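Notes follow once the structure below has been shown.
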Amino acid sequence: MSFSAVILAGGKSLRMGCDKAFLEISGRALLARQIGIVRDAGAVEVFISGRAETDYSRFGCQVLMDQFPRCGPLAGIERALATGASPLLLVLAVDLPRLTADFLRELAAKASQGYGIIPRIAGQVEPLAAFYPRTAHSLAVEHLQTGKLAAREFAAASVAAKLAVFADFPAATTELFQNCNVPADLPMTCNPV
């Protein structure tokens, strides 16, 4: 199945103290790692949802700027849904360094051309490592225009609108979704932008 992907890397990383996209794990920027795993999972095109003042040219992906500034991850999802050529969009947060291409392939196998698939681990919805259909674009715009900015709320609305379904995974999968928000979360180094 054909799908596009967007890496959400537009946050300010205030708690981390440096841009999470440029955190290094084993000498590789976290953004480069995420781009690699979505490509390994089968993405036919990869976008970066980023910030205007940051140079992402070394990553070789088209950079998308939010049309709804200061609206969080949903604004990046909206731009990618509007831009992607494939019927499905894989959304992946930059700060999920334990997620694997194998998991994303397993998730993709549960999706269909017309429906997205959103993982749920032990009842916890994971909206930033999920597939959304392009047809969810108008729903994203509606949420942004009405101030409903929470990605989990958008995920639930996508399911309620029959644009996506939840896929339940065992609690052991939780470790794949451990994100890094503060320096103590993982042993990494940060290179200046």
Side-chain angles (χ1 to χ4, degrees), residues 3-23 29-35 37-38 43-57 59-97 99 104 107 111 115-120 124-161 163-164 166 177 179-181 193:
F3 65 89
S4 303
V6 62
I7 310 301
L8 300 175
K12 293 184 179 179
S13 304
L14 295 176
R15 290 179 287 169
M16 185 59 73
C18 64
D19 192 333
K20 293 179 193 180
F22 296 90
L23 289 171
L30 191 50
L31 180 53
R33 180 200 182 276
Q34 301 303 74
I35 292 167
I37 68 166
V38 298
V44 295
E45 62 182 348
V46 181
F47 302 106
I48 298 169
S49 173
R51 293 186 317 278
E53 70 277 6
T54 304
D55 179 9
Y56 299 100
S57 60
F59 299 104
C61 297
Q62 182 180 345
V63 180
L64 305 177
M65 298 297 151
D66 295 348
Q67 297 295 309
F68 294 85
R70 296 175 301 283
C71 288
L74 185 54
I77 294 169
E78 181 276 328
R79 267 305 77 204
L81 286 170
T83 307
S86 300
L88 283 176
L89 174 71
L90 168 58
V91 170
L92 183 59
V94 76
D95 64 353
L96 295 173
L99 210 58
L104 295 176
L107 191 61
Y115 293 93
I117 189 89
I118 302 163
R120 191 167 51 184
Q124 180 74 27
V125 175
E126 296 293 347
L128 303 182
F131 286 87
Y132 296 94
R134 285 183 63 197
T135 54
H137 178 254
S138 60
L139 182 62
V141 170
E142 177 187 322
H143 274 241
L144 288 159
Q145 289 175 336
T146 59
K148 298 176 189 172
L149 306 180
R152 281 193 174 94
E153 189 175 348
F154 172 68
S158 295
V159 170
L163 299 172
F166 289 123
F177 290 88
N179 64 354
C180 51
N181 288 316
V193 182

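Below, each value reflects all heavy atoms present in this structure, side chains not excepted, and no hydrogens, waters or symmetry copies. Note that the structure is a prediction, hence the values are computed from the model and not measured. Nothing fancy with the numbering, it's 1 onward along the sequence.
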How far apart are the closest heavy atoms of [X] and [Y], and which atoms are they?
{"X": "Glu142", "Y": "Thr146", "answer": "O-OG1, 2.8 Å"}
{"X": "Ser49", "Y": "Gly76", "answer": "OG-CA, 3.3 Å"}
{"X": "Ala43", "Y": "Ala5", "answer": "CB-CB, 3.8 Å"}
{"X": "Leu107", "Y": "Ala130", "answer": "CD2-CA, 4.3 Å"}
{"X": "Leu88", "Y": "Ala111", "answer": "CD1-CB, 3.9 Å"}
{"X": "Pro97", "Y": "Leu30", "answer": "CB-CD1, 3.6 Å"}

Indicate yes or no: at least one non-hydrogen side-chain atom of [X] is less than 4.5 angstrom from one of [Y].
{"X": "Val125", "Y": "Val159", "result": "no"}
{"X": "Leu128", "Y": "Ile77", "result": "yes"}
{"X": "Val46", "Y": "Val6", "result": "no"}

Say you draw a straight line from [atom1] of [X] to [atom2] of [Y]; how long is it, rounded to the nearest 0.5 Å?
{"X": "Glu153", "Y": "Leu74", "atom1": "CD", "atom2": "CG", "value": "9.5 Å"}
{"X": "Leu81", "Y": "Ser4", "atom1": "CG", "atom2": "OG", "value": "9.5 Å"}
{"X": "Leu64", "Y": "Thr83", "atom1": "CG", "atom2": "OG1", "value": "4.5 Å"}
{"X": "Leu163", "Y": "Thr135", "atom1": "CG", "atom2": "OG1", "value": "4.5 Å"}
{"X": "Ile35", "Y": "Phe47", "atom1": "CD1", "atom2": "CZ", "value": "12.0 Å"}
{"X": "Ile118", "Y": "Arg152", "atom1": "CD1", "atom2": "CZ", "value": "11.5 Å"}

Can a donor-acceptor pair be found, under 3.5 Å and without considering hydrogens, that links the side chain of [X] to the backbone of [Y]?
{"X": "Tyr132", "Y": "Glu78", "answer": "no"}
{"X": "Tyr56", "Y": "Arg51", "answer": "yes"}
{"X": "Gln67", "Y": "Arg79", "answer": "no"}
{"X": "Glu45", "Y": "Gly84", "answer": "no"}

State which residue, out of Ile48, Ile7, Leu8, fulfils the side chain to side chain contact (heavy atoms under 4.5 Å, CB included) condition with Gln34.
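Of all the options given, the one that passes is Ile7.
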Between Leu144 and Leu149, is a side-chain contact (heavy atoms from CB on, under 4.5 Å) present by the stated rule, with each step listed?
CA-CA 6 Å; Leu144 288 159; Leu149 306 180; 3.8 Å; yes
Just wondering, more than 12 heavy atoms not from Phe59 lying within 6.0 Å of its CZ?
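Yes, because the 6.0 Å sphere around CZ of Phe59 holds more than 12 heavy atoms from other groups.
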So His143 and Phe154, would you call those rings parallel, tilted or perpendicular, with 30° and 60° as cut-offs?
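If you compare the ring of His143 with that of Phe154, the planes turn out perpendicular.
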In sequence, state the C-alpha distance, the side-chain angles, and the governing distance for Asp66 and Cys71, and then conclude on side-chain contact (heavy atoms from CB on, under 4.5 Å).
CA-CA 8 Å; Asp66 295 348; Cys71 288; over 6 Å; no
